[in-house]
Amino acid sequence: MTASEETTTGRDLIEAGSPVAGSMCRAAATVVFEPRAAMVQVDDRFAGCLRTSADEAGAVPLPRERVRAGAALAFAVEYAATLHRNGRSARTDGWFDPRPGSRPAAEELAEAVLAAARRSTEERRVRHLGYLLAGVAVSPDVDLGLARRALRLAETLSWRQLALLAGVGRRDRVPLPMAPLESEPRAWSAWGAREDVADLQSAGLLDPPPVPPRPVSTLPRLRAADLRLTRRGVLVHRLLVLDLLHEDAVAVALADLGLPRS
């Protein structure tokens, strides 16, 4: 068996991500499997981790799960190449090294990210799962347990909730509306969006925490402009790189709440 035949399955997996990640999947596969022929570069150790993960996941049987897994790897390559170009070096604290009785932490996280991507039927989320994998590879302050915690939190959130977190996270640059949020909107769509905000507060991702209902309340109504990321929210925002979540998605989430963009 030739070297090219050995890597066909993993390379095909990355290229299969094109329905979600677009035409860049072919270029991403080249970065991972033929780095000398690639137009952009990533750290050799990170590329090796992605090769291992792609080969191990290459036999994913369900077609759409295969698409999402490949797309997550392609997005990881995309973000890793950007970090590499900006001078962000891959970590040198043993992240890519085998551990006693275990494989490298990088490979363990990669498997967890691909599993999460496969389960993510809201496929727009897959981009940010790939970003998490690449971002942690250059972040020595993030250990495996913390990365897995962020991934678990991310899996509980809908696309709209990620968009709301993104909006709150960039509120200093792009102010949020001052209009109050309705507690019980009449329209079902607005009610669902308001529940998303309440769930983010209850999960400890947004401050202030939810206020228990009272028969007669004199408290001022919550405004989008009052929301802040908690430390838990900052973790999710940072590791999923929600600064890069498309502005249109934030605008749609605010419109679902019945709020205009300021």
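Because only heavy atoms are used, hydrogens play no part in the values below, and waters and symmetry mates are left out as well, while side chains stay in. Remember, predicted model here, so these are calculated numbers, not experimental data.
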Please test Leu50 against Ile14 for side chain to side chain contact (heavy atoms under 4.5 Å, CB included), starting from the C-alpha separation and ending with a verdict. CA-CA 10 Å; Leu50 297 187; Ile14 297 178; 5.6 Å; no
Indicate whether the side chain of Arg11 and that of Thr30 have a donor and an acceptor atom separated by less than 3.5 Å. yes
Applying a strict under-4.5 Å side-chain criterion to I, L, V, M, F, W and Y, I'd like to know whether Val77 and Val241 cluster together. no
Is any NZ, NE, NH1 or NH2 atom of the basic residue among Asp196 and Arg160 found under 4.0 Å from an Asp or Glu carboxylate oxygen of the other? yes
Is any NZ, NE, NH1 or NH2 atom of the basic residue among Arg194 and Glu184 found under 4.0 Å from an Asp or Glu carboxylate oxygen of the other? no
Quick one: pull up CG in Asp207 and CD in Gln201 and give me the separation to the nearest 0.5 Å. 8.5 Å
Under the criterion side chain to side chain contact (heavy atoms under 4.5 Å, CB included), I'd like the reasoning laid out for Ser139 against Arg88: C-alpha separation, chi angles, the key distance, then a yes or no. CA-CA 9 Å; Ser139 302; Arg88 294 283 301 278; 4.0 Å; yes
Between the side chain of Arg228 and the main-chain N/O of Val168, is any donor-acceptor distance below 3.5 Å? no
What is the minimum heavy-atom distance between Leu239 and Ala147, and which atoms define it? CD1-CA, 4.2 Å
Pairing of Asp143 and Arg149 as salt bridge, 4.0 angstrom limit: no
Work out which heavy atom in Ser202 is nearest to a heavy atom in Pro210; give both atom names and the distance. OG-CG, 3.6 Å
Parallel, tilted or perpendicular: which one describes the rings of Tyr79 and Tyr131, with boundaries at 30° and 60°? tilted
Check Glu107 with Arg99, please: is the shortest side-chain N to carboxylate O separation under 4.0 Å? no
Between Arg51 (side chain) and Val32 (backbone), is there a donor-acceptor pair under 3.5 Å? yes
In Å, rounded to the nearest 0.5 Å, how long is the span from CH2 of Trp159 to CZ of Arg124? 6.0 Å
Run the side chain to side chain contact (heavy atoms under 4.5 Å, CB included) check on Glu123 and Arg64 step by step: do they pass? CA-CA 10 Å; Glu123 293 179 341; Arg64 204 66 196 184; 2.8 Å; yes
Ion pair present between Arg221 and Glu182, side-chain N to carboxylate O less than 4.0 angstrom? no
Is it the case that one hydrophobic cluster holds both Val31 and Leu73, taking links as side-chain heavy atoms less than 4.5 Å apart, direct or via other members? yes
Can you label the angle between the Phe46 ring and the Phe96 ring as parallel, tilted or perpendicular, going by 30° and 60°? perpendicular
Check for me, please, whether Leu235 and Leu129 land in the same ILVMFWY cluster - side-chain distances under 4.5 Å, paths through other members count. yes
May I ask you to decide whether Arg119 forms a salt bridge with Glu65, counting only side-chain N to carboxylate O separations under 4.0 Å? no
Lys/Arg N to Asp/Glu carboxylate O, Arg171 vs Asp226, below 4.0 Å: no
Please check if Leu257 and Val252 belong to a single hydrophobic cluster, counting links between Ile, Leu, Val, Met, Phe, Trp and Tyr side chain heavy atoms closer than 4.5 Å. no
Could you check Leu132 against Phe75 for side chain to side chain contact (heavy atoms under 4.5 Å, CB included), going step by step and ending with a plain yes or no? CA-CA 10 Å; Leu132 180 150; Phe75 285 126; over 6 Å; no
Val197 and Leu254: same hydrophobic cluster, using ILVMFWY side-chain contacts below 4.5 Å? yes
Donor-acceptor pair, side chain of Gln161 and main chain of Ser158, under 3.5 angstrom: yes
Establish, yes or no, whether the cationic atom of Arg91 lies under 6.0 Å from the six-membered ring centre of Trp95 and within 45° of the ring axis. yes
